[in-house]
Amino acid sequence: MPRVRHFFANEYIAPEAQVVVAVKSQPVERFVGALAGWLTGEYGQFMLACLPGSARHEAARALIQAIAESARAAGLRHLLYGKLLAEHDPGYELLQENSFSIMRSERFFQVAVAQGANRVKELMQRYQSAIPANWHTEAIRGRPPEDILDLISPHRLMAPEEVRARWQWEKPDAYEPDLSGIIYDGKEAFGAFLVRQRGDSAICDVRVVNHPDPRLSGLANLCLYHHSLTAENRDQSKSIRWVVFRGGEKEHLETVNMARRMGASEMPIRHSLGLAL
């Protein structure tokens with residue numbers, strides 16, 4: 001299992017995941033690929049990793065066929081890949097070869113932390129008087145994941161067990177506990193901004209605000225960005241130089257507009273890939 005786990009370094013794998021490996025026996029026996037699959041709601045979710053080389057496509061085909069058979073036997077109707085992929089990602093080609101199609105697409109924007117922080121501070125100074133006095137933000141380090149589970153569940157951004165797993169700070173793919181924040185109206189959470197550190201970047205996994213007033217919703221997003229980008233919180237992760245935002249290709253215009261206001265540059269679109277069984 002340690003050798004198999006190496007295939008999925010820095011990727012989220014559910015603790016209950018079942019693992020299948022592809023083994024090439026000649027000229028020397030070795031692993032050429034691995035697939036870890038688990039149940040998320042009505043979907044069979046999985047991660048796939050294959051070594052480069054001539055057997056890569058054959059290994060992927062055999063592994064996907066194996067999980068598809070198991071999923072059908074369990075009565076599942078869909079398989080869903082465990083992360084978003086850009087079209088230049090080698091995994092995207094492997095999945096398309098095996099009849100996977102795009103279920104949804106998301107846009108990504110990257111901005112330098114210093115540039116984004118300056119812009120957010122300007123906006124906070126401009127709109128400070130319009131922010132309700134009973135709002136406040138808190139770092140997730142001092143809050144339980146249950147504060148946000150009901151908030152994010154309607155959006156299907158992440159399964160509860162994955163959220164809880166990423167609330168364990170010692171793990172390599174955990175949320176950054178000081179840059180990630182929750183906004184409260186009194187004691188009720190109504191927004192969350194959750195980021196992970198990847199190299200010198202803070203990757204935004206979740207940006208959700210649930211407020212009926214569009215203007216106040218925009219201000220809540222501003223408060224969350226301010227929490228994440230202020231010097232006090234950035235001092236906890238001085239190696240972070242970039243912030244990467246994500247938003248739906250056609251929806252979540254608040255994310256897109258805020259990223260543009262901060263001078264962010266757009267990155268390649270990434271896709272969620274699924275297969276109907």
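Scope of the values below: all heavy atoms of this structure, side chains included, with no hydrogens, waters or symmetry mates.
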Exercise. Are Asp89 and Arg270 close enough, and set up right, to give a side-chain contact (heavy atoms from CB on, under 4.5 Å), and what steps lead you there?
Worked result: CA-CA 9 Å; Asp89 192 303; Arg270 300 177 201 175; over 6 Å; no
For this session: Evaluate the salt bridge (Lys or Arg N to Asp or Glu O under 4.0 Å) criterion for residues Arg119 and Glu122: first the C-alpha distance (whole Å), next the side-chain angles of each, then the deciding distance (0.1 Å), finally the verdict.
Result: CA-CA 5 Å; Arg119 183 57 178 154; Glu122 292 174 7; 3.0 Å; yes
Within 6.0 angstrom of [X] [atom1], more than 12 heavy atoms from elsewhere:
{"X": "Glu29", "atom1": "CD", "value": "no"}
{"X": "Glu138", "atom1": "CD", "value": "yes"}
{"X": "His6", "atom1": "NE2", "value": "no"}
{"X": "Asp150", "atom1": "CG", "value": "no"}

[Y] backbone acceptor or donor facing [X] side chain under 3.5 Å:
{"X": "Ser70", "Y": "Ala66", "value": "yes"}
{"X": "Ser105", "Y": "His271", "value": "no"}
{"X": "Glu176", "Y": "Asp178", "value": "yes"}

Nearest heavy atoms of [X] and [Y], plus distance in Å:
{"X": "Leu149", "Y": "Pro160", "answer": "CD2-CA, 4.0 Å"}
{"X": "Phe8", "Y": "Ala36", "answer": "CZ-N, 3.8 Å"}
{"X": "Trp169", "Y": "Tyr175", "answer": "CE3-O, 3.7 Å"}
{"X": "Cys204", "Y": "Val195", "answer": "CA-CG1, 3.8 Å"}
{"X": "Ala276", "Y": "His78", "answer": "CA-CD2, 3.9 Å"}
{"X": "Pro177", "Y": "Ala139", "answer": "O-CB, 3.4 Å"}

Joint cluster assignment, [X] & [Y], ILVMFWY side-chain distance < 4.5 Å:
{"X": "Met47", "Y": "Leu275", "answer": "yes"}
{"X": "Trp242", "Y": "Tyr225", "answer": "no"}
{"X": "Val120", "Y": "Leu179", "answer": "yes"}
{"X": "Val19", "Y": "Val32", "answer": "no"}

I need the [X] [atom1] to [Y] [atom2] distance, nearest 0.5 Å.
{"X": "Ile203", "Y": "Asp205", "atom1": "CD1", "atom2": "CG", "result": "8.0 Å"}
{"X": "Tyr127", "Y": "Leu219", "atom1": "OH", "atom2": "CG", "result": "8.0 Å"}
{"X": "Ile152", "Y": "Leu194", "atom1": "CD1", "atom2": "CG", "result": "6.5 Å"}
{"X": "Glu146", "Y": "Leu151", "atom1": "CD", "atom2": "CG", "result": "13.5 Å"}
{"X": "Arg207", "Y": "Asn221", "atom1": "CZ", "atom2": "CG", "result": "4.5 Å"}
{"X": "Arg104", "Y": "Leu84", "atom1": "CZ", "atom2": "CG", "result": "5.5 Å"}

Tell me, do [X] and [Y] make a side-chain contact under 4.5 Å, heavy atoms counted?
{"X": "Arg61", "Y": "Glu58", "value": "yes"}
{"X": "Ile148", "Y": "Ile182", "value": "yes"}
{"X": "Phe193", "Y": "Val209", "value": "no"}
{"X": "Phe46", "Y": "Leu63", "value": "no"}

For this session: Would you mind telling me which of Glu11, Glu106, Glu162 makes a salt bridge (Lys or Arg N to Asp or Glu O under 4.0 Å) with Lys83?
Result: Glu11
Table please: side-chain donor-acceptor pairs of residues 183-191 below 3.5 Å, with sequence neighbours left out.
residue, atom, partner, partner atom, Å
Tyr184, OH, Arg143, NE, 3.0
Tyr184, OH, Asp147, OD2, 2.6
Asp185, OD1, Asn134, ND2, 2.4

For this session: Could you please spell out the steps behind the side-chain contact (heavy atoms from CB on, under 4.5 Å) verdict for Leu48 and Ile64?
Result: CA-CA 8 Å; Leu48 172 70; Ile64 291 171; 4.2 Å; yes
Seminar exercise, completed: Result for side chain to side chain contact (heavy atoms under 4.5 Å, CB included) between Leu222 and one of Gln128, Met124, Arg126 points to Met124
Under 3.5 Å, which donor-acceptor pairs do the side chains of residues 94-103 form with other protein atoms, sequence neighbours left out?
residue, atom, partner, partner atom, Å
Gln96, NE2, Tyr92, OH, 3.2
Glu97, OE1, His57, ND1, 2.8
Glu97, OE2, His57, ND1, 3.0
Asn98, ND2, Leu94, O, 2.8

For this session: Decide, yes or no, whether a salt bridge links Arg77 with Glu42 under the criterion of side-chain N to carboxylate O below 4.0 Å.
Result: no
For this session: Answer with yes or no after comparing the ring centroid distance for Phe245 and Phe108 against a 6.0 Å cut-off, counting only values under it.
Result: no
Problem set entry | Contacts of type ring-ring contact (aromatic ring centres under 6.0 Å, His included), residue Phe31, not counting sequence neighbours |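 Not a single residue meets the ring-ring contact (aromatic ring centres under 6.0 Å, His included) criterion with Phe31.
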Exercise. Taking it one step at a time, do Cys223 and Ile131 satisfy side-chain contact (heavy atoms from CB on, under 4.5 Å)?
Worked result: CA-CA 9 Å; Cys223 291; Ile131 296 173; 3.6 Å; yes
